[in-house]
Trainee: 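Below is the structure I would like to discuss, written out as structure tokens.
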Amino acid sequence: MNYSNEFKELIKKSKPENLNNYIGTGNPNAKILIIGKECAVDFRQEPEQYEREIKENLINWKANIENPSLAIENWNGNPNFINPLFPYKGQKFTIYNEKKKSGKGGTSSTWYYYQKLYNRIRISTQNLPTEIDFHNDIFITELNANPSNYSKDQNPENRKNSINERSNIFFKSDFIQNFQIVIFATSHYTKEHNIDICKLFNVDFQKTKHIDENPRQWYNLHTNKEGGKSKLLIHTKQLSMNISDKLLEEIAKEIKSFTKENSIEL
């Protein structure tokens with residue numbers, strides 16, 4: 001893979017000892033960026049997963065840049081094969097539930113819904129994958145770099161500091177700002193932490209849409225055009241539970257309409 005100069009510069013400037021320099025996962029050359037609330041990893045209960053997914057994220061990206069032809073192998077339960085370019089490659093397109101011991105080989109509910117959205121964005125819905133593969137065409141990162149299974153379990157001050165630092169530095173980087181399609185799947189985190197999406201991404205609010213007049217199935221549409229380059233930003237609820245198929249379909253329609261209008265190939 002050929003990494004952009006903007007991505008290389010971000011990696012070069014970031015310091016591994018600062019957790020707020022968490023980069024993300026997926027294809028850095030993708031046209032779509034998804035920003036979630038925070039990674040659902042509990043460092044107290046899952047220290048090894050925390051190390052390889054969060055703390056080693058930046059280090060692994062540096063290794064990828066140094067080895068651009070590196071082939072990503074299927075995970076198959078081997079922690080050595082977890083690469084941020086395509087983490088847990090080979091996961092089945094189903095939700096794994098440890099408590100219920102169901103969905104063996106599956107993924108998290110968040111990534112499951114990311115995949116469902118990605119399937120609807122595809123030009124063709126024929127021969128849908130049996131495995132998670134949205135990482136091929138999407139890059140994902142988090143508003144808050146402090147991982148937690150549940151937001152309520154976090155130290156509020158740590159969360160606030162992380163969001164503020166990332167909003168003032170990470171999200172203003174050329175790499176992040178260059179994405180033309182941004183999905184802010186953070187629910188009302190932005191309001192709670194006084195994040196001005198329009199100012200942060202230089203977009204203008206267009207409308208709020210509720211699916212079938214359901215206040216829980218919503219998205220806010222933002223667009224802008226500067227220097228001949230258009231941008232689409234969709235702010236919606238956290239894509240982890242109680243997500244209607246119609247909400248995903250409407251978001252996908254907005255993205256497909258935008259890409260067609262601006263001749264963007266995903």
Trainee: Distance only, no hydrogens: is a donor on one side chain within 3.5 Å (strictly under) of an acceptor on the other, for Asn146 and Asn144?
Mentor: yes
Trainee: Which residues pass the side-chain hydrogen bond (donor to acceptor under 3.5 Å, both in side chains) test with Asn83, sequence neighbours left out?
Mentor: Asn64
Trainee: List the atom of Tyr113, the atom of Leu239, and the distance in Å for their closest heavy-atom pair.
Mentor: CB-O, 3.8 Å
Trainee: So, the side chain of Thr141 versus the backbone of Ile23: is there a donor-acceptor pair under 3.5 Å, distance only?
Mentor: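 Checking the backbone N and O of Ile23 against the side chain of Thr141, a donor-acceptor pair under 3.5 Å is found.
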Trainee: Could I get the full list of salt bridge (Lys or Arg N to Asp or Glu O under 4.0 Å) partners for Lys160, not counting sequence neighbours?
Mentor: none
Trainee: Can you give me the closest heavy-atom contact between Phe139 and Trp61, atom names plus distance?
Mentor: CE1-CZ2, 3.7 Å
Trainee: Can you establish whether the number of heavy atoms outside Lys55 located under 6.0 Å from its atom NZ is more than 12?
Mentor: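 No, the 6.0 Å shell around NZ holds no more than 12 heavy atoms from other groups.
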Trainee: In the structure I gave you, are the side-chain heavy atoms of Thr130 and Phe93 within less than 4.5 Å of one another anywhere?
Mentor: no
Trainee: Can you measure from CD1 (Ile176) to CD1 (Ile169) and round to the nearest 0.5 angstrom?
Mentor: 13.0 Å
Trainee: Output all residues satisfying side-chain hydrogen bond (donor to acceptor under 3.5 Å, both in side chains) with Lys246, sequence neighbours left out; order by chain, then residue number.
Mentor: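 Expected list: Asp212.
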Trainee: Run the ring-ring contact (aromatic ring centres under 6.0 Å, His included) test against His235 and tell me which residues pass, sequence neighbours left out.
Mentor: Trp218
Trainee: Before accepting this row, confirm whether a basic side-chain N of the pair Glu142/Lys37 lies closer than 4.0 Å to the acidic partner's carboxylate O.
Mentor: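 Salt bridge flag = no for Lys37 with Glu142.
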Trainee: Sequence neighbours left out, cut at 3.5 Å: what donor-acceptor pairs do the side chains of residues 65-74 make with other protein atoms?
Mentor:
residue : atom : partner : partner atom : Å
Asn67   : ND2  : Ala63   : O            : 2.9

Trainee: Other residues, nucleotides and ligands only: do more than 12 of their heavy atoms fall within 6.0 Å of CD on Glu48?
Mentor: no
Trainee: Side chains of residues 5-16: which donor-acceptor partners sit under 3.5 Å, not counting sequence neighbours?
Mentor:
residue : atom : partner : partner atom : Å
Ser14   : OG   : Leu10   : O            : 2.7

Trainee: Can you name the nearest heavy-atom pair linking Gly24 to Pro84, along with the distance?
Mentor: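 Minimum heavy-atom separation between Gly24 and Pro84: O-CB, 3.9 Å.
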Trainee: Can you get from Phe86 to Met1 by hopping between Ile, Leu, Val, Met, Phe, Trp and Tyr side chains that sit under 4.5 Å apart?
Mentor: yes
Trainee: How about Leu85 and Tyr3: do any of their side-chain heavy atoms sit closer than 4.5 Å?
Mentor: yes
Trainee: What residues form a salt bridge (Lys or Arg N to Asp or Glu O under 4.0 Å) with Glu53, not counting sequence neighbours?
Mentor: none
Trainee: A side-chain contact here means heavy atoms from C-beta on lying under 4.5 Å apart; do Leu221 and Phe205 qualify?
Mentor: no
Trainee: Can you list the residues that meet the ring-ring contact (aromatic ring centres under 6.0 Å, His included) rule with Tyr118, with sequence neighbours excluded?
Mentor: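 Checked Tyr118 against ring-ring contact (aromatic ring centres under 6.0 Å, His included); zero matches.
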Trainee: Look at the aromatic rings of Phe184 and Phe201 and report parallel, tilted or perpendicular, splitting at 30° and 60°.
Mentor: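 Correct class here is perpendicular.
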Trainee: So Thr107 and Gln115, do their side chains get closer than 4.5 Å, heavy atoms only?
Mentor: no
Trainee: Sequence neighbours excluded, which residues qualify as salt bridge (Lys or Arg N to Asp or Glu O under 4.0 Å) partners of Lys229?
Mentor: none
Trainee: Do Phe134 and Trp111 pass the side chain to side chain contact (heavy atoms under 4.5 Å, CB included) test, and can you show the C-alpha distance, the side-chain angles, and the key distance before you say yes or no?
Mentor: CA-CA 9 Å; Phe134 69 83; Trp111 283 12; 3.8 Å; yes
Trainee: Would you sort out whether Gln206 and Thr223 count as a side-chain hydrogen bond (donor to acceptor under 3.5 Å, both in side chains), showing the intermediate values?
Mentor: CA-CA 7 Å; Gln206 301 299 329; Thr223 61; 3.0 Å; yes
Trainee: Ser173 side chain to Phe170 main-chain N or O, any donor-acceptor pair under 3.5 Å?
Mentor: yes
Trainee: Give, for atom CG of Asn119 and atom CG of Leu128, the distance between the pair rounded to the nearest 0.5 Å.
Mentor: 5.0 Å
Trainee: Quick check: closest heavy atoms across Lys256 and Thr259, and the distance to 0.1 Å?
Mentor: O-OG1, 2.9 Å
Trainee: Are the side chains of His210 and Gln217 in touch, meaning some heavy atoms are under 4.5 Å apart?
Mentor: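 They are not in contact (no side-chain heavy atoms under 4.5 Å apart), so the answer is no.
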Trainee: Could you go step by step and tell me if Glu254 and Lys207 meet the salt bridge (charged side-chain N to carboxylate O under 4.0 Å, His left out) rule?
Mentor: CA-CA 12 Å; Glu254 298 283 5; Lys207 65 179 180 180; 3.7 Å; yes
Trainee: Roughly how far apart are His135 NE2 and Tyr88 OH, rounded to 0.5 Å?
Mentor: 10.5 Å
Trainee: Please assess Lys231 against Ile181 for the test side chain to side chain contact (heavy atoms under 4.5 Å, CB included), listing each intermediate value before the final yes or no.
Mentor: CA-CA 6 Å; Lys231 179 171 288 189; Ile181 303 169; over 6 Å; no
Trainee: Roughly how far apart are Glu249 CD and Ser244 OG, rounded to 0.5 Å?
Mentor: 8.0 Å
Trainee: Show the nearest heavy-atom pair for residues Ile54 and Pro147, with the distance to one decimal.
Mentor: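 Ile54 and Pro147 have their closest heavy atoms at CG1-CG, 4.1 Å.
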Trainee: Which residues pass the ring-ring contact (aromatic ring centres under 6.0 Å, His included) test with His193, not counting sequence neighbours?
Mentor: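 His193 satisfies ring-ring contact (aromatic ring centres under 6.0 Å, His included) with Tyr189 once adjacent residues are dropped.
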Trainee: Write down the atom of Arg122, the atom of Pro129, and the distance for their closest heavy-atom approach.
Mentor: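 Scanning both residues completely, I find the closest heavy atoms to be NH2-CG, 3.5 Å.
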Trainee: Whether the side chain of Gln177 engages the backbone of Phe171 through a donor-acceptor N/O pair (distance < 3.5 Å, no angle test) should be reported.
Mentor: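 Between the backbone of Phe171 and the side chain of Gln177 there is a qualifying donor-acceptor contact (under 3.5 Å).
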Trainee: Kindly indicate, with the supporting measurements, whether the criterion side chain to side chain contact (heavy atoms under 4.5 Å, CB included) is fulfilled by Gln180 and Ile264.
Mentor: CA-CA 9 Å; Gln180 285 184 264; Ile264 298 173; 3.7 Å; yes
Trainee: Tell me if a side-chain donor or acceptor on Asn76 pairs with a main-chain N or O of Asn78 at a distance below 3.5 Å.
Mentor: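 No, because the side chain of Asn76 does not come within donor-acceptor range (under 3.5 Å) of the backbone of Asn78.
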Trainee: Taking ring-ring contact (aromatic ring centres under 6.0 Å, His included) as the definition, give me every residue that meets it alongside Tyr219, ordered by chain and number, with sequence neighbours left out.
Mentor: none
Trainee: Quick one, Ile183 and Ile255 - any side-chain contact, counting heavy atoms below 4.5 Å?
Mentor: yes
Trainee: Quick one: does Ile197's side chain get under 4.5 Å of Leu233's, heavy atoms only?
Mentor: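 SC-SC contact between Ile197 and Leu233 confirmed.
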Trainee: Is there a side-chain contact between Thr25 and Asn57, using heavy atoms and a 4.5 Å cut-off?
Mentor: yes
Trainee: Measure the CD1-CD1 distance between Ile138 and Ile32 for me, rounded to the nearest 0.5 Å.
Mentor: 5.0 Å
Trainee: Check the pair Tyr22 / Cys39 against side chain to side chain contact (heavy atoms under 4.5 Å, CB included), numbers first and verdict last.
Mentor: CA-CA 10 Å; Tyr22 173 79; Cys39 292; 3.5 Å; yes
Trainee: Taking salt bridge (Lys or Arg N to Asp or Glu O under 4.0 Å) as the definition, give me every residue that meets it alongside Asp245, ordered by chain and number, with sequence neighbours left out.
Mentor: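 Salt bridge (Lys or Arg N to Asp or Glu O under 4.0 Å) check on Asp245 returns Lys116, Arg120.
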Trainee: For Ser240, does its backbone N or O pair with a side-chain atom of Ser109 as donor and acceptor, under 3.5 Å?
Mentor: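 The answer is yes, because a donor-acceptor pair under 3.5 Å joins these two groups.
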Trainee: Between the side chains of Lys225 and Asp204, is the shortest nitrogen-to-carboxylate-oxygen separation below 4.0 Å, so that they form an ion pair?
Mentor: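 No, Asp204 and Lys225 are not salt-bridged.
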Trainee: For the atom pair NZ (Lys31) and CG (Leu266), what is the distance rounded to the nearest 0.5 Å?
Mentor: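 Atom-to-atom, Lys31:NZ and Leu266:CG are 7.5 Å apart.
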